[in-house]
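First the structure, in the form of structure tokens, and then the observations on it.
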Amino acid sequence: MALLPILRFPDPRLHTIAQPVAQVDDRIRRLVDDMLATMYDAEGVGLAATQVDVHERVIVMDTSDSRDQPRVLINPEITARSAEMHVSDEGCLSVPTIYDRVERHARVTVRALGRDGQPYEFEAEGLTAVCVQHEMDHLIGKVFVEYLSPLKRDRIKSKMLKKSREEQSRIRR
């Protein structure tokens, strides 16, 4: 398993719409394994393929306290959403150290293919529901900061660009 580089906001590739996976084969299973390793290494709870510059509909996540219950969603679809909404703090591996409040559906029902290529469905609430919706946004080219005011979004963009310049400067030394 390889650790994959995670794209950072405001990288324009984060706005690429992911294409459906045509076939769950060894290449996709390798991608899933690499994404899981990358997600765990970065101490995240979810990762979409878009974030590692692969523009296919693949998500990995693990919202368990024990961090040993990985879930793979290939070609995921939300088939039902609760009318009830919930606001919680969100962060993102593509926007490190930034957290802000985002409103999401409190419960969702999801249909996807697993790592084995077999279809399955599950209901999610709490952190799992937030994670599914957050990662599915990545698949349509949307980053959670787009739910924030333009002023907040611009401040975050400036902060991320400054951080990137500082990191590049350290690398060159």
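Along the sequence shown, residues carry numbers from 1. Please read these numbers as outputs of a predicted model, since none were measured by experiment.
By the 4.5 Å heavy-atom criterion applied to side chains, Ile28 and Gln23 are not counted as neighbours. With a 4.5 Å cut-off on side-chain heavy atoms, Gln51 and Leu7 do not count as touching. Within the 4.5 Å cutoff, the side chain of Val58 has heavy atoms near those of the Met35 side chain. Between Val143 and Val95, the closest side-chain pair of non-hydrogen atoms falls below 4.5 Å. At a threshold of 4.5 Å between non-hydrogen side-chain atoms, the residues Glu146 and Leu148 do not count as touching. Inter-residue side-chain proximity for Leu4 and Leu31 is flagged as met; some heavy-atom pair is nearer than 4.5 Å. For the pair Arg115 and Val24, the minimum side-chain heavy-atom distance is 4.5 Å or more. Counting heavy atoms from C-beta outward, Leu73 and Tyr120 have side chains that approach closer than 4.5 Å.
Looking only at distances, no side-chain donor or acceptor of Ser94 sits under 3.5 Å from a matching main-chain atom of Phe9. Under the 3.5 Å distance criterion, the side-chain polar atoms of Thr38 are matched with a main-chain donor or acceptor of Asp34. For Asn75 (side chain) and Val21 (main-chain N/O), a donor-acceptor pair under 3.5 Å exists by modelled atom type. His15 places a side-chain N or O within 3.5 Å of a backbone atom of Gly141 that can act as its donor or acceptor partner. Not one N or O on the side chain of Thr63 forms a donor-acceptor pair closer than 3.5 Å with the backbone of Val45.
Look at Glu56 and Arg27 and you find a salt bridge, because one of the NZ, NE, NH1 or NH2 atoms lies within 4.0 Å of a carboxylate O, short of that distance. Here Asp62 does not pair with Arg71 in a salt bridge; the nearest charged N to carboxylate O distance is not below 4.0 Å. Using a cut-off of 4.0 Å between Lys/Arg side-chain N and Asp/Glu carboxylate O, Arg29 and Asp116 are scored as not salt-bridged. Taking 4.0 Å as the cut-off between side-chain N and carboxylate O, Glu167 and Arg8 count as a salt-bridged pair.
What you find for Ala124 and Ala129 is that their closest heavy atoms are O-CB, 3.6 Å. His105 and Ser82 make their closest contact through ND1-O, 2.8 Å (heavy atoms, listed as atom of the first residue, atom of the second, distance). Closest non-hydrogen pair, Ile17 versus Gln19, comes out as O-NE2, 3.5 Å. Contact between Gly114 and Ile74 at its shortest, heavy atoms only, is O-CD1, 3.5 Å. Minimum heavy-atom separation, Ala112 to Pro76: CB-CA, 3.9 Å. For the residue pair Ser88 and Val130, the shortest heavy atom distance occurs at OG-CG2, 3.8 Å.
Residues Leu36 and Leu47 fall within the same hydrophobic cluster, defined by Ile, Leu, Val, Met, Phe, Trp and Tyr side chains chained together at heavy-atom separations under 4.5 Å. Connection of Val32 to Val52 is established within a shared hydrophobic cluster, with ILVMFWY side chains joined at heavy-atom distances below 4.5 Å, either directly or through further cluster members. No continuous path of ILVMFWY side-chain contacts below 4.5 Å connects Val132 to Leu127, so the two sit in separate hydrophobic clusters. Taken together through direct or relayed side-chain contacts under 4.5 Å among Ile, Leu, Val, Met, Phe, Trp and Tyr, Leu93 and Ile98 form parts of separate hydrophobic clusters. Under the 4.5 Å side-chain heavy-atom criterion for ILVMFWY residues, no single connected hydrophobic cluster contains both Leu3 and Tyr40.
Under the 3.5 Å distance criterion, with hydrogens and angles disregarded, no donor-acceptor pair is assigned to the side chains of Thr109 and Thr79. Side-chain contact check for His134 and Glu90: at least one donor-acceptor pair (N or O, by modelled atom type) lies under 3.5 Å.
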Report, one line per pair, each donor and acceptor closer than 3.5 Å where one atom sits in a side chain of residues 157-165; sequence neighbours left out.
residue : atom : partner : partner atom : Å
Ser158  : OG   : Asp154  : O            : 3.1

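A distance of 7.5 Å separates CG in Leu14 from SG in Cys92, rounded to the nearest 0.5 Å. Arg13 contributes atom CZ, which lies 4.5 Å from atom CG of Asp53 (distance to the nearest 0.5 angstrom). Within the model, atoms CZ of Phe144 and CZ of Arg104 stand 9.0 Å from one another, a figure rounded to the nearest 0.5 Å. Distance CG/Asp137 to OG1/Thr50: 10.5 Å, rounded to 0.5 Å.
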Exercise for the section: Please assess His55 against Leu139 for the test side-chain contact (heavy atoms from CB on, under 4.5 Å), listing each intermediate value before the final yes or no. Expected result: CA-CA 8 Å; His55 304 286; Leu139 299 181; over 6 Å; no
Exercise for the section: Decide yes or no on salt bridge (Lys or Arg N to Asp or Glu O under 4.0 Å) for Glu123 and Arg107, but give the supporting numbers first. Expected result: CA-CA 7 Å; Glu123 291 185 13; Arg107 287 174 304 287; over 6 Å; no
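More than 12 non-hydrogen atoms from other residues, nucleotides or ligands lie less than 6.0 angstrom from CD of Glu121. Within a 6.0 Å sphere centred on CG of Asp68, other residues, nucleotides and ligands contribute more than 12 heavy atoms. By the neighbour-count criterion of 12 heavy atoms within 6.0 Å, atom CD of Glu103 is densely surrounded, having more than that number from other residues, nucleotides or ligands. Dense packing is recorded around CZ of Arg67, with more than 12 heavy atoms of other residues, nucleotides or ligands lying under 6.0 Å away.
A cation-pi contact, defined as under 6.0 Å to the ring centre and within 45° of the axis, is absent between Arg153 and Tyr147.
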